Each structure stands twice: as structure tokens, then as C-alpha cells.
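Source: prediction; values computed, not measured. For the numbers below, each heavy atom of this structure counts, side chains included, while hydrogens, waters and symmetry mates do not.
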Amino acid sequence: MEFAGGVSAVFTMNAFNTGGHRRTRIFGTRGELVCEGTAITVHDFVTGTATSHDPATAGGADAAGGHGGGDAGLMDAFTAAVATGERDRILSGPAATLNSHLATFAAEQARHEGAVITVRRPGSTPAPTPSFGG
């Protein structure tokens, strides 16, 4: 992915794996975050240290198990925000949510078509609508 100002990133997602939980790796110039579903390890390239964190999870890794508690957490935050009127309980607004989905749809389109897909911000010059035919 290429962003304004020359910033680039690589995002790879696989819906199926033998490990159960999702695996995430985020690389930076000074370190790396590795999540193997139930533990998060921070590797500091500057100091050469690694620190592990074991956050509590609720439920199994799959959809039936609530994605490790993530589904319940999202719904709890949403219903609390609606009940109390406290918008700050929802950490991602409509624009960020739309942008993340547009990037995902474009990635799927690129996979199907073997092409680079340009994603424009909502409200800018319209981008072609993703199509998944064929």
C-alpha cells in the first residue's frame, strides 16, 4: 500500500490458518510487534530486548467463539455508547471504518484481477466500484 507523503505499508491477511487465532506482525524501523493470538511480544531493535504480554481473552478464536472476546467487546462498547451517549466509547468512527473496509475491498479486487487498485478517500473523485466477477 502506498500512502500520501511516500509512506508505504504491506498488509497480508489470511482467513485460514492452522494456529486458530489470528496472527499479526507489525514492523517498524525501531521494533516489531508480534501477536500470535493469545500473547503479544514487543521486540525493541534499539535495545535488543523483547517484552511479552499476555492479555486476557474470552472465547475461542473463531466466529462461534466470538473472536477471542473481540466481538463481545465491540458490542459492549457500542451498546454502552448508545445507552449513555458517550461517543468516546467507540474508538473508530464511520470514516475510519469505511476507509479500512475500502482498503480490504480493493485488496480483494487486486487479488482477483492481478492489478493495482487505487483507493480514493470518500468525497474525492470517485474511484471505480470494486467488482469481483470472473
Out of curiosity, [X] [atom1] to [Y] [atom2], how far, rounded to the nearest 0.5 Å?
{"X": "His101", "Y": "Thr97", "atom1": "NE2", "atom2": "OG1", "answer": "7.0 Å"}
{"X": "Thr41", "Y": "Asp54", "atom1": "OG1", "atom2": "CG", "answer": "8.0 Å"}
{"X": "Ile90", "Y": "Leu74", "atom1": "CD1", "atom2": "CG", "answer": "9.5 Å"}
{"X": "Arg89", "Y": "Thr79", "atom1": "CZ", "atom2": "OG1", "answer": "9.0 Å"}

Which atom of Ala115 lies closest to which atom of Ala110, heavy atoms considered
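So the minimum-distance heavy-atom pair works out to O-CB, 3.0 Å.
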
Name the one of Val34, Thr49, Leu33, Ile26 that satisfies side-chain contact (heavy atoms from CB on, under 4.5 Å) with Val42?
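The option that passes is Leu33.
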
Looking at Val46, Thr47, Asp44, which one forms a side-chain contact (heavy atoms from CB on, under 4.5 Å) with Arg30?
Val46

Tell me whether Phe78 at atom CZ has more than 12 heavy atoms from other residues, nucleotides or ligands lying less than 6.0 Å away.
no

